[in-house]
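Note that the structure is a prediction, hence the values are computed from the model and not measured. Any value given below was found using the heavy atoms of this structure, including those in side chains, with hydrogens, waters and symmetry copies removed.
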Amino acid sequence: MLESLLELFDKYHLVAAFAVIGLTMYAAYWVSARFTRGKLHGSAIAIMIGLALAYFGGVTTEGTHGLADISLFSGLGLMGGGMLRDLAIIATAYGVQFSEIRKAGVRGVIALFAGVIVSFVAGAVIAVAFGYTDPIDITTIGAGAVTYIVGPVTGATLGASSEVVALSIAAGLVKSILTMIATPMTARLIGLDNPRSAMIFGGLIGTTSGVAAGLAATDARLVPYGAMTATFYTGLGILLAPTALFLVVRALF
């Protein structure tokens, strides 16, 4: 039985990838319900498990693609790429009522710009505090604080080193996990209980995975609204970070 499964997974790598992700998500949500009563969202636990598996794969194979460097799990390289991510983002948008989006109005737009700029400045300040002086490095790490998608896109555009790009991804992942954990704990304090506030929240925080998981733990009906503006936030960050924000950083340094 086990040999048959191994042969199947070795032949159909994408099937193996779905199996690994499915088991990881099941284990993560079981741990969340069993040991944290849902206060630590399953998505946050799944990300931590994924990072541990990626580290294991990198140490075992001395490769650069984590668990995907093991031939049996090479399908993770495809599954973890942009194709399924973009599909998930588009699918999320189908749950949105545009009549609610219009209600966000100018406040939603302000939230988008404020969220990107504040996150970028926070990341850039931390980069400078740790001794980075190259405008490209500062911009890439600052972009990572915007989201872990904006960071590598900015780094690739500006020609940042792989080490700096890795730091930008790490900064975005930390932000995503903190958002997942903190959202249900602070939702009542900040009035996060309706579509309008969810859209503004998504525009301010911006990390789509963190916002979606945090809202799912708060009120699943709010997920499409927060995820929609968080998606716009990611697009705005990709537009601003390697261009306008980089020029500002270069002028300062």
Side-chain angles (χ1 to χ4, degrees), residues 16-59 66-68 73 76 79-80 84-85 88-89 91-92 95 115 118-119 122-123 126 144-151 166-231 233-234:
F18 273 100
V20 170
I21 297 302
L23 289 172
T24 300
M25 294 301 295
Y26 177 83
Y29 277 84
W30 181 83
V31 170
S32 173
R34 178 78 173 178
F35 297 103
T36 73
R37 296 182 180 179
K39 292 182 179 179
L40 179 57
H41 199 270
S43 297
I45 298 174
I47 287 178
M48 290 187 281
I49 294 175
L51 291 173
L53 291 174
Y55 175 79
F56 170 78
V59 170
L67 205 61
F73 304 117
L76 291 168
M79 190 177 181
L84 292 179
R85 180 203 64 211
I89 290 172
T92 299
V118 169
S119 294
I126 292 174
V146 175
T147 77
Y148 59 81
I149 295 175
V150 176
L167 283 175
S168 75
I169 295 172
L173 284 173
V174 169
K175 177 183 177 182
S176 180
I177 293 172
L178 288 176
T179 301
M180 294 177 188
I181 297 171
T183 301
M185 297 180 180
T186 59
R188 290 185 179 179
L189 296 175
I190 62 177
L192 188 56
D193 56 5
N194 60 80
R196 184 182 300 178
S197 62
M199 285 185 284
I200 294 174
F201 178 75
L204 284 172
I205 302 298
T207 171
T208 307
S209 57
V211 167
L215 289 176
T218 304
D219 185 345
R221 293 172 297 180
L222 301 179
V223 172
Y225 302 100
M228 171 61 78
T229 48
T231 302
Y233 172 106
T234 301

Measuring from atom [atom1] of [X] to atom [atom2] of [Y], what distance do you get when rounded to the nearest 0.5 angstrom?
X    : Y    : atom1 : atom2 : result
I200 : I205 : CD1   : CD1   : 12.5 Å
T229 : R196 : OG1   : CZ    : 13.5 Å
L222 : D193 : CG    : CG    : 7.5 Å
S209 : I149 : OG    : CD1   : 7.5 Å
T218 : F201 : OG1   : CZ    : 7.5 Å

Quiz item: Sequence neighbours excluded, which residues qualify as side-chain hydrogen bond (donor to acceptor under 3.5 Å, both in side chains) partners of D219?
Solution: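 With neighbours one apart ignored, the set is R221.
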Practice problem: Using modelled atom types only, decide if a donor and an acceptor are shared between the side chain of T36 and the backbone of S32 within a distance under 3.5 Å. | Solution: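 Pair found, side chain donor or acceptor close to backbone of S32.
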Show me the donor-acceptor pairs, under 3.5 Å and distance only, between side chains in residues 177-187 and residues at least two apart or in other chains.
unit_1: T179; atom_1: OG1; unit_2: K175; atom_2: O; d: 2.8
unit_1: T183; atom_1: OG1; unit_2: T179; atom_2: O; d: 2.6
unit_1: T186; atom_1: OG1; unit_2: A182; atom_2: O; d: 3.0

Write down the atom of [X], the atom of [Y], and the distance for their closest heavy-atom approach.
X    : Y    : value
A46  : A28  : N-CB, 3.5 Å
A145 : S119 : CB-O, 3.4 Å
N194 : G191 : ND2-O, 3.9 Å

Quiz item: Which pairs with one or both residues in residues 176-189 pass salt bridge (charged side-chain N to carboxylate O under 4.0 Å, His left out), sequence neighbours excluded?
Solution: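 Every candidate salt bridge (charged side-chain N to carboxylate O under 4.0 Å, His left out) pair involving residues 176-189 fails, so no pair, neighbours aside, qualifies.
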Are side-chain heavy atoms of [X] and [Y] found at a separation under 4.5 Å?
X    : Y    : result
L192 : L215 : yes
T24  : L53  : yes
V146 : Y233 : yes
V150 : T234 : yes

